[in-house]
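First up is the structure itself, then whatever we jot down about it.
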Amino acid sequence: MPELPEVETVRSTLAPVLRGRTLERVAVLDGRLTRPEAPEAVAAELQGELVADVRRRGKYLIVVFASGRHLLVHLRMTGSFQHPVAEGPDPHRRAVVTLDDGSDVAYRDVRRFGTWILLEPGELEAYLSDRIGGEPLERAFTTARFARALEGRRAPIKGALLDQRAVAGVGNIYADEALWLARIHPERPAGELDAEEVAALRRAIRRVLRLGIERQGATLRDYRDANGRAGAMQHEFRVYGRGGEPCERCGTPIAKTRVAGRGTWFCPACQAPPSGRS
DNA sequence: AGTCCGACCCGAACGC
DNA sequence: TGCGTTCGGGTCGGAC
């Protein structure tokens, strides 16, 4: 499931392929990808664009064109890029881009949740700031800023992490890992964390995301970088998917529950539950 | 305004 | 073996 480290790994493998190249031909094979825009219309607009850079904000990939336009790609659950393109038919191929060096880049997405949105010059900042909060690995993501984003919120801290407003790029897996590292129970009301806990959570988020990037992301099933390589972060999970196994800190079996509608793993001993509850 | 929940998809895992 | 059912995951939009 691409979260920040996976998207960053895709970015770092896709950027050298695209940077400085012109999109000679674009075929969008799935109408859902560009909804509500017509796939042929977006494909036609992309043709001829020169790629200046490939960036990332939260879980969004941003193809920056020299024209000032941006192609915003969200991989959602199963989106991926492929370069070089695998031989043979692929029922999950949703778009193919031919570059001016003659090579093709394919976009595939089994579950078809992913989206491509073409933004005109000047539209990017507003689009992103309406949807996502601070970039957790940047200096500007301070404890004070994080605390302000959580202030007054009664939703469980895990839910606050999953909605991208407080901090961008954390999904189900890294949320569980960060909360375990910070010793915070996933159901604690977000606004009730004290300053020390917010600081610990910020550090934990940054630590698990950095490790995820170092390991080139986590491959549970589908995830691959743009060159087709799997990540290794799945070997570093302390709680995610490990129900019943002993906690590495205290030996208590890892518990599984459901928080904010998502499967949630935590240590019931070293992540203390909200006060007044058992 | 904040929070919750269903919709969007489809392959895998499971139950019978 | 084969069928049907359930699950999961990020984000959006509508309901509360």
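Source: prediction; values computed, not measured. Labels below follow one simple rule: chain letters A, B, ... track the order of the sequence lines, proteins then strands, and each chain is numbered from 1.
Distance alone, capped at 3.5 Å, is enough to place a donor-acceptor pair between the A:Gln271 side chain and the A:Cys267 backbone.
Atom P of nucleotide C:dG9 and atom CD of A:Glu6 are separated by 13 Å, given to the nearest angstrom. Between A:Arg76 atom CZ and B:dC10 atom P there is a gap of 15 Å when expressed in whole angstrom units. Residue A:Asp163 contributes atom CG, which lies 12 Å from atom C1' of B:dA1 at whole-angstrom precision. Rounded to whole Å, the distance from CD1 on A:Ile132 to C1' on C:dC12 is 15 Å. The nearest whole Å value for the distance from the CD atom in A:Glu151 to the P atom in B:dT3 is 13 Å. Here the C1' atom of nucleotide C:dT11 and the CG atom of A:Leu161 are 16 Å apart, to the nearest Å. Across the protein-nucleic acid pair, A:Tyr223 atom OH and C:dG10 atom P stand 15 Å apart, rounded to whole Å. Spacing between atom CG of A:Leu220 and atom P of C:dC7 amounts to 19 Å, rounded to whole angstrom units.
The residue A:Lys256 sits close only to the backbone: its heavy atoms come under 4.0 Å of sugar-phosphate atoms, none of a base. At the heavy-atom level, A:Arg262 lies under 4.0 Å from base atoms of the strands shown.
Of all the residues in residues 226-244 of chain A, not one reaches under 4.0 Å from DNA chain B with any non-hydrogen atom.
Heavy-atom nearest nucleotides on DNA chain B were determined for A:Ala155 and for A:Arg111, and the one closer to the 5' end corresponds to A:Ala155. When each of A:Gln164 and A:Gly261 is assigned the nucleotide of DNA chain C with its nearest heavy atom, A:Gly261 is the one assigned upstream, toward the 5' end.
Between A:Arg153 and A:Asp163 there is a salt bridge, since at least one side-chain N of the basic residue sits less than 4.0 Å from a carboxylate O of the acidic one. A salt bridge is absent between A:Asp104 and A:Arg25; no separation between the charged side-chain nitrogens and carboxylate oxygens falls under 4.0 Å.
At B:dT3, none of the side-chain N or O atoms of A:Arg154 fall inside 4.0 Å of OP1 or OP2 (strictly under the cut-off). Considering only side-chain N and O atoms, A:Arg112 lies nowhere under 4.0 angstrom from the phosphate OP1 or OP2 of B:dC8. Contact annotation: A:His74 side-chain N/O to C:dT11 OP1/OP2 distance is under 4.0 Å.
Annotation: A:Arg165, atom CZ; neighbour count of heavy atoms from other residues, nucleotides and ligands within 6.0 Å is above 12. Heavy atoms of other residues, nucleotides or ligands lying less than 6.0 angstrom from CZ of A:Arg249 number more than 12.
Across B:dC10, B:dT3, B:dC8, the shortest atom-to-atom separation from the side chain of A:Arg35 is found for B:dC8.
Geometrically, A:Arg145 does not engage A:Phe141 in a cation-pi contact defined by less than 6.0 Å to the ring centre and at most 45° from the axis.
Note: A:Trp265 and A:Phe237 fail the aromatic proximity criterion, with ring centroids not under 6.0 Å apart.
C:dT11 has no base stacking with the ring of A:Phe113 when judged by centroids under 5.5 angstrom apart and an interplanar angle below 30°.
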